[in-house]
Amino acid sequence: MTAFGPQSSNHSAPVYNWPVTPKHQIDGFGIEPPLSDVAREFQSTLRKFAVNVARPMGQKLDRMSAAEVIAHDSPFWGFRKEYLDLGVDLRILAEMPPLERSQMFCILFEELGFGDGGLAISIGAGILPQYLSLLFGNEFLIERFPQDLLGCWAITEPDHGSDSLDPRGTLRHPGTAYGRPNLVAKLHKGKLILNGQKSAWVSNGSVAEVCILYCASDTGSGPDYQHGCVLVIPLDLPGITRGKPLEKLGQRALPQGEIFFQDVEVDLDYVLAGPEEFERAVYLIHAEANVLMGATWTGAARAAYQMAHAYAHERRQGGVPIYRHQMVAYRLFDMFRRVETSAALTRRVAHYNQAADMPALQAAMAAKVTGTEIAFSVASDAMQIFGGNGITHEYPIEKILRDSRLSMIEDGVNDFLSIKGGYYLMQDDLP
Ligand SMILES: Cc1cc2nc3c(=O)[nH]c(=O)nc-3n(C[C@H](O)[C@H](O)[C@H](O)COP(=O)(O)OP(=O)(O)OC[C@H]3O[C@@H](n4cnc5c(N)ncnc54)[C@H](O)[C@@H]3O)c2cc1C
């Protein structure tokens, strides 16, 4: 007791029991509130997988050609096998109560993204056909497609990118029409006959075994995308062929490529959502997928932040580790703040959407746009902290910068999602 404080000793035990010079050390994984034992174990397993398997494999695949990435002896298949060996069970995930499911879903993709953004997207697109069959409760499709089959999600077409995410044409210019679809499912004698193609951007498109597919439907009066359909189909049906694997700037570990359909006959059992349900299905699927993107790129942003934080302690300039320079400390704090913003928003949206009767697509879009913009900006700031080393292949930062740049286009260009999200905020004004 000093002369500056109250002189009475009549105090109850303090709620706070800090040292007199308080300092809380936050590790590179940020401000994670306590998790349940199951969630903590899940996170820890995935984190080890991310650092020991996904990141080194992603770096190796990044230096290979697109054809080498999908060759039978590629490390891509070793990565995939090791992921499957983790035993992540989509059925258990789909049946969890909302809070637990949203938390596990975010942990899964944050950790995969922390390892490698492109490989995380390969896993994400890879589970979509089976995961959505589970969420839609379609027992035929659940039984038909085991979880170890590699999936893809084929939406966009050579002539339809952004507008394929907008079946009702909310963002379409006045007086314009959707135009000719590149893939049409025509109803003929109780079967669907598919003709056309999907774009070169389809993630896992060149190697997937099962596909969740959007197409215009034709019930006799011509192709209609507004009332299209969503199918889940095997990709070994007669008449299906693949294009060349795509060479690109980033996410090079993720194989992408066209899928072609010529007179492909599909039973109606493979319809996940028919013309009357198409708009609702597109809405629900994107609400899931946009959260997946938010979580994945939160993980990638955290990786860039963690690497920059470590480097700022190792690298010395002007006689001190560079973190002692004010601008570096400022930049690290700003990166930390953005990574935590992305994590908090994505988990909040995931929980809100899982608990709600109907998810809010605009909320999922906010998580996607925020997560991907933050990943790119944090990777860019990490490159600044790494200085000249940041631009070389010796360090992992330039790869995260390339990978995250693509994320602002994939799953819907951020500009387009933001305009559409804005319209959803004013829902009453929509056509
Ligand atoms: C890494 C990666 C992975 C992908 N994975 C898949 C996948 O798994 N499956 C799949 O089907 N597709 C996938 N895509 C494709 C992706 O969804 C499209 O690239 C995206 O929707 C944009 O379409 P686009 O490339 O045709 O661009 P466009 O639609 O031609 O847009 C070009 C530009 O015009 C702007 N624009 C277009 N229309 C409007 C509008 N109405 N209002 C305002 N601005 C507009 C856009 O914002 C953009 O800046 C992937 C793409 C990438 C980069």
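Since the model is a prediction, treat every value here as computed from it, not as a measurement. Whatever order the structure lists ligands and atoms in, that order sets their numbers, starting from 1.
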Problem - Side chain, backbone, both or neither: W201 near ligand 1, heavy atoms under 4.0 Å - result: both

Practice task
Could you tell me if any non-hydrogen atom of S199 lies under 4.0 Å from any atom of ligand 1?
Solution key: no

Practice task
Determine whether the aromatic ring centres of F278 and H227 lie less than 6.0 Å apart.
Solution key: no

Problem - Test side chain to side chain contact (heavy atoms under 4.5 Å, CB included) applied to R405 and D403, I409, L401, the passing residue - result: I409

Fill in the blank from the handout: shortest atom 43 (C) of ligand 1-to-protein heavy-atom contact is with I419 CD1, 3.6 Å

Problem - Minimum heavy-atom distance S203-L254, with the two atoms named - result: OG-CD2, 3.6 Å

Problem - D116: which of R252, K60, K399 passes salt bridge (Lys or Arg N to Asp or Glu O under 4.0 Å) - result: K399

Problem - Exercise: identify the closest heavy-atom pair between P255 and S206 - result: CB-OG, 3.6 Å

Practice task
Could you check atom 49 (O) of ligand 1 against the protein and tell me its nearest heavy-atom contact, residue, atom and distance included?
Solution key: D415 OD2, 3.6 Å

Exercise for the section: State whether any protein heavy atom lies less than 4.0 Å from atom 26 (O) of ligand 1. Expected result: yes

Practice task
Output yes when a protein non-hydrogen atom is found under 4.0 Å of atom 30 (O) of ligand 1, and no otherwise.
Solution key: no

Exercise for the section: Name the closest protein heavy atom to atom 41 (N) of ligand 1, giving the residue it belongs to and the distance to 0.1 Å. Expected result: L171 O, 3.5 Å

Fill in the blank from the handout: shortest atom 22 (C) of ligand 1-to-protein heavy-atom contact is with V413 CG2, 3.4 Å

Practice task
Could you say whether the N/O atoms of E410 and ligand 1 ever approach to under 3.5 Å?
Solution key: no

Handout entry: Among I233, V232, L235, side chain to side chain contact (heavy atoms under 4.5 Å, CB included) partner for V210
Key = V232

Handout entry: Interatomic distance, E100 atom CD to E95 atom CD [nearest 0.5 angstrom]
Key = 12.0 Å

Handout entry: Nearest heavy atoms of L141 and L272, plus distance in Å
Key = CD1-CD1, 3.7 Å

Practice task
For the residue pair Y83 and F79, categorise the inter-ring angle as parallel (less than 30°), tilted (30 to 60°) or perpendicular (more than 60°).
Solution key: parallel

Problem - Nearest-neighbour protein heavy atom for atom 9 (N) of ligand 1, which is reported as residue plus atom name and distance - result: W153 O, 2.7 Å

Exercise for the section: Give the atoms of ligand 1, by number and element, whose distance to some non-hydrogen atom of V202 is under 4.0 Å. Expected result: 7 (C), 8 (O), 9 (N)

Problem - Contact partition for S203 relative to ligand 1, non-hydrogen atoms under 4.0 Å - result: both

Practice task
Indicate, as side chain, backbone, both or neither, the part of T156 found under 4.0 angstrom from ligand 1 when only non-hydrogen atoms are considered.
Solution key: both

Practice task
Starting from atom 39 (C) of ligand 1, locate the nearest protein heavy atom and write down its residue, its atom name and how far away it is, to 0.1 Å.
Solution key: F416 CD1, 3.8 Å

Handout entry: Test item: protein heavy atom less than 4.0 Å from atom 33 (C) of ligand 1
Key = no

Handout entry: Atoms of ligand 1, numbered as shown, that sit under 4.0 Å from any heavy atom of D411
Key = 17 (O)

Handout entry: Main-chain N/O of S65 paired with E68 side-chain donor or acceptor, under 3.5 Å
Key = yes

Fill in the blank from the handout: atom 37 (C) of ligand 1 sits nearest the protein heavy atom S162 OG, 3.6 Å

Problem - Aromatic ring proximity, centroids under 6.0 angstrom, Y283 and Y424 - result: yes

Problem - Polar contact flag for I409 and ligand 1 (N/O pairs, less than 3.5 Å) - result: no

Problem - F145 versus L149, closest heavy-atom pair with distance - result: CD2-CD1, 3.9 Å

Problem - Within reach of ligand 1, part of Q256 (heavy-atom separation under 4.0 Å) - result: side chain

Practice task
Could you list which atoms of ligand 1 come closer than 4.0 Å to a heavy atom of G161?
Solution key: 21 (O), 23 (O), 24 (P), 26 (O), 29 (O)

